[in-house]
Protein chains: 2
Amino acid sequence: MSRPHAVDPRHTLTLRDVSEACGVSEMTVSRVLRNRGDVSASTREKVLEAARTLGYVPNKIAGALASQRVNLVGVVIPSLSNMVFPEVMTGISERLEGTGLQPVVGVTNYLPDREESVIYEMLSWRPSGMIIAGLEHTAAARAMLARAGIPIVEIMDIDGDAVNHAVGISHRRAGRQMAEAIIAAGYRRIAFLGTQMPNDHRARKRLEGFEDALAKAGLALVDREYYSGGSALLKGREMTAAVLNRTPDVDFLYYSNDMIGAGGLLYCLAQGIDVPGRIGLAGFNGVDLLDGLPRKLATMDACRLEIGRRAAEIIAGTASAGEVVELFPKLQPGDTIRPAPQT
Amino acid sequence: MSRPHAVDPRHTLTLRDVSEACGVSEMTVSRVLRNRGDVSASTREKVLEAARTLGYVPNKIAGALASQRVNLVGVVIPSLSNMVFPEVMTGISERLEGTGLQPVVGVTNYLPDREESVIYEMLSWRPSGMIIAGLEHTAAARAMLARAGIPIVEIMDIDGDAVNHAVGISHRRAGRQMAEAIIAAGYRRIAFLGTQMPNDHRARKRLEGFEDALAKAGLALVDREYYSGGSALLKGREMTAAVLNRTPDVDFLYYSNDMIGAGGLLYCLAQGIDVPGRIGLAGFNGVDLLDGLPRKLATMDACRLEIGRRAAEIIAGTASAGEVVELFPKLQPGDTIRPAPQT
DNA sequence: ACGTCGGCTGTTAGCGCTAGCATTAACAGA
DNA sequence: TCTGTTAATGCTAGCGCTAACAGCCGACGT
């Protein structure tokens, strides 16, 4: 006997079990559970009651196959541990709330091959849309995305070619702006401290923009220091110590992110260095951790929440955005860049 | 004509498209793509070539329905923004790597109802296993999990009843141990500073254990302060200021997490307070941010990485663990608890 | 009385894939 | 020549659900 009639707790329930339990067709049960089509109030009640007491959980796999619709949105990001993507996720979830769409996260650890396989894996579930950090992908990944036939939104960055939609900021411009503000404030001997990661393209672009602006002012970085792994706060301290030791006459430290910047700030304060008089500091991201530091680190907001929101809106079809949505981060000078000299 | 023969870029590819493109049956294509069963080298090559040039991505929905197997593991956690769960995720991913299983994250924001719906949603995709933070769930959620017929691992906490497996630490014991260490060091006027969240059961249990141990020593908290939302580091400062202001003779501050503890530490140091002489401090979690602070905050490692690993091992069937795996966090006294007086 | 319309329910035919055989080809051994 | 064996491939029958349509029934207009 193939279908146990009795209460077999090991047997996975199907629509048929519910329909048999309350004497209607599977179709009617399906309609009730999805709130679709007309069902009389009494039938609806009967069905819900039966489903509840049996503990029926619909099988979305079968549902998705039959209806050719999947309420999932793939979100592919490089990391969860650096405070920036969780906020993007918050923006996404917020806007997806109530649309029936659900985000599914995949993490790539900044590895292009891993990104490719995460994308492949996600596409194989035929999601309704994809949100992917960055514009740089393997050729195969781009090809898959391009022919998936669903909305693709590349986020964070707009300096490059998007497969389809893009929502982000120009990191090159952000780097440039920061450099200009630093130069305007009178700093001249500027060092860069950042991550080693070859695939953090956004950090790379910021640095490129930064150096461009320096060059335009006839300047160049006087030192640079890289790290990878470990506690970013601690690394910020160590790198700062190394730079100050190697290049004692440096007068500005530009960090590729707020976390190492915060470490550097704590180090400078502990050393009794006059910030921002003797040395100025700046980071990037605008993480709210900075609010708790003894002094406010100069930074630029990366518009993380807003990026998440706008991307989700495009997927949900709420906003019929153009191809590329550029957001504009605001420079927050904080207390670690000295005021520009009056003209 | 239902099936376009020509290259229609809008048409979603199926096994049949690949099979027609290379002149074998769908079944053979399926075998090649899944590396299952015997296929001759030449056929395999032909199939892979065709799949590659067409850009075919298998439909896992159909595959899962047919094979009754889904390579997904649901992971349900309360939040991504507090540094603790990302590390758990790392442990999970690490151990799932190479098993063919893939984690899918759902976030509940510490809301029981939301947790219930996230669990429902996940179960409806018929995952191979579920990993869920905490032991407290709605009755309906517990019931669903219990009859899902898949391995369920509740993580972080072991003070309570598990649906099935549990991997975690005893937060009650952790709170007790910290209190004992504090009392042994001679502190007597102890205050608690923590989150407001009614559904952070682990923080609650730590506090209960903490107060139990205090009571056993004839002591009670002399003050308490709660917060919710905002930058934890900043909140730590503000709460610490409030407590020191209200209860000037307090001699120990016990924080429910490292982040607010770090804020408190920075505040005390900025005020020139003698730490740990005049006032001692302790947090909880062992986040690596602490390594970068001017002084090392006392804390207890929550075994996050290990919890993720062990949970994943149970799901993967690598470890045929018993029902409950208890891990034992180590107290790290750092520099913010004065050495216990010699006996 | 008849038509017909709208609300409700059931039937049929897949969705794209895979388990579990059945089939075929190729060849060795008797 | 025939059989048995093995490797390679194909066929059939679903997986559990839903789109699309087909019925059925009572109410209502004329």
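The sequence lines fix the lettering, A, B, ..., with proteins before strands; numbering per chain opens at 1. Values reported hereafter were calculated over all heavy atoms of this structure, with side chains retained and with hydrogens, waters and symmetry mates removed.
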Nucleotide [N], atom [atom2] - distance to [atom1] of [X] in whole Å:
X       : N      : atom1 : atom2 : answer
A/Met27 : D/dG16 : CE    : C1'   : 12 Å
A/Asp17 : D/dG16 : CG    : C1'   : 11 Å
B/Glu26 : C/dG16 : CD    : C1'   : 8 Å
B/Asn71 : C/dC17 : CG    : P     : 15 Å
A/Leu15 : D/dA19 : CG    : C1'   : 14 Å
A/Arg36 : D/dA19 : CZ    : C1'   : 11 Å
A/Gln68 : C/dG14 : CD    : C1'   : 10 Å
A/Arg34 : D/dG16 : CZ    : P     : 17 Å

Roughly how far, to the nearest 0.5 Å, is [atom2] of [Y] from [atom1] of [X]?
X        : Y        : atom1 : atom2 : value
B/Lys46  : B/Cys22  : NZ    : SG    : 6.5 Å
A/Asp157 : A/Leu135 : CG    : CG    : 4.5 Å
B/His165 : B/Ile132 : NE2   : CD1   : 12.0 Å

Salt bridge (charged side-chain N to carboxylate O under 4.0 Å, His left out) contacts touching residues 107-116 of chain A (sequence neighbours left out)
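Output for this query lists A/Arg114-B/Glu97.
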Report each atom pair, protein N/O against N/O of nucleotides 4-9 of chain D, whose distance is under 3.5 angstrom.
{"from": "D/dT9", "atom 1": "OP1", "to": "B/Ser40", "atom 2": "OG", "distance (Å)": "3.3"}
{"from": "D/dT9", "atom 1": "OP1", "to": "B/Thr43", "atom 2": "OG1", "distance (Å)": "2.5"}
{"from": "D/dT9", "atom 1": "OP2", "to": "B/Ser40", "atom 2": "N", "distance (Å)": "2.9"}
{"from": "D/dT9", "atom 1": "OP2", "to": "B/Thr43", "atom 2": "OG1", "distance (Å)": "3.4"}

Can you tell me if A/Arg69 touches the phosphate of D/dA19, counting only side-chain N or O atoms and a distance under 4.0 Å to OP1 or OP2?
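It does, given that an N or O in the side chain of A/Arg69 lies less than 4.0 Å from OP1 or OP2 of D/dA19.
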Closer than 4.0 Å, any side-chain N/O of A/Thr14 to the OP1 or OP2 of D/dG16?
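For D/dG16, OP1/OP2 do not have a side-chain N/O of A/Thr14 under 4.0 Å.
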Which residues pass the side-chain contact (heavy atoms from CB on, under 4.5 Å) test with B/Thr90, sequence neighbours left out?
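For B/Thr90 the side-chain contact (heavy atoms from CB on, under 4.5 Å) partners, ignoring immediate neighbours, are B/Leu305.
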Residue list, side-chain contact (heavy atoms from CB on, under 4.5 Å) with B/Thr53, at least two apart or on another chain:
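B/Thr53 satisfies side-chain contact (heavy atoms from CB on, under 4.5 Å) with B/Glu49 only.
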Set of residues satisfying salt bridge (Lys or Arg N to Asp or Glu O under 4.0 Å) with respect to A/Arg304, sequence neighbours excluded
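With sequence neighbours excluded, A/Arg304 shows a salt bridge (Lys or Arg N to Asp or Glu O under 4.0 Å) to A/Glu87, given in chain and number order.
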Tell me every residue that passes salt bridge (Lys or Arg N to Asp or Glu O under 4.0 Å) with A/Arg309, counting only those two or more places apart in sequence or in another chain.
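So A/Arg309 forms a salt bridge (Lys or Arg N to Asp or Glu O under 4.0 Å) with A/Glu94, A/Glu306.
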Atom pairs and distances, donor-acceptor, side-chain atoms in residues 63-75 of chain B, under 3.5 Å, two or more places apart:
{"from": "B/Ser67", "atom 1": "OG", "to": "B/Gly63", "atom 2": "O", "distance (Å)": "2.9"}
{"from": "B/Ser67", "atom 1": "OG", "to": "B/Arg69", "atom 2": "N", "distance (Å)": "3.3"}
{"from": "B/Asn71", "atom 1": "ND2", "to": "A/Glu121", "atom 2": "OE2", "distance (Å)": "3.3"}
{"from": "B/Asn71", "atom 1": "ND2", "to": "B/Gly100", "atom 2": "O", "distance (Å)": "3.2"}

Could you tell me which non-hydrogen atom of A/Pro78 sits nearest to which non-hydrogen atom of A/Thr108, and how far apart they are?
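For A/Pro78 and A/Thr108, the tightest heavy-atom pair comes out as CA-OG1, 3.2 Å.
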Shortest non-hydrogen separation from B/Ala21 to B/Leu54 and the atoms involved
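Closest pair (atom of B/Ala21, atom of B/Leu54, distance): CB-CD1, 3.9 Å.
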Contact residues, residues 55-67 of chain A to DNA chain C [heavy atom, < 4.0 Å]:
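Residues of residues 55-67 of chain A that come under 4.0 Å of DNA chain C are, in numerical order, A/Leu65, A/Ala66.
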Of the residues in residues 118-126 of chain A, which ones touch DNA chain C at a heavy-atom distance under 4.0 Å?
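Output list: empty, so none.
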Can you give me the bend angle of the helix from C/dA1-D/dT30 to C/dA30-D/dT1? Use the axis through the first five pairs and the one through the last five, nearest 10 degrees.
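Computed angle between terminal axes is 50°.
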Do B/Arg142 and B/Thr138 meet the criterion of a side-chain donor-acceptor pair at a distance under 3.5 Å?
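There is no such pair between these side chains.
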Decide whether B/Arg34 and B/Ser30 meet the rule of one side-chain donor and one side-chain acceptor closer than 3.5 Å.
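Yes, B/Ser30 and B/Arg34 have a side-chain donor paired with an acceptor closer than 3.5 Å.
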Is any side-chain heavy atom of A/Tyr120 less than 4.5 Å from a side-chain heavy atom of B/Pro58?
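In short, these two side chains touch, coming nearer than 4.5 Å.
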Please tabulate the protein-to-nucleotide N/O contacts below 3.5 Å involving nucleotides 24-28 of chain D, giving atom names and distances.
none

Spell out, as yes or no, whether a donor-acceptor pair under 3.5 Å connects the side chain of A/Asp17 to the backbone of A/Thr14.
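It does hold such a pair.
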Can you run down the side-chain hydrogen bond (donor to acceptor under 3.5 Å, both in side chains) pairs that involve residues 124-133 of chain B, sequence neighbours left out, and say none if there aren't any?
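As it turns out, there is no side-chain hydrogen bond (donor to acceptor under 3.5 Å, both in side chains) pair with a partner in residues 124-133 of chain B once direct neighbours are skipped.
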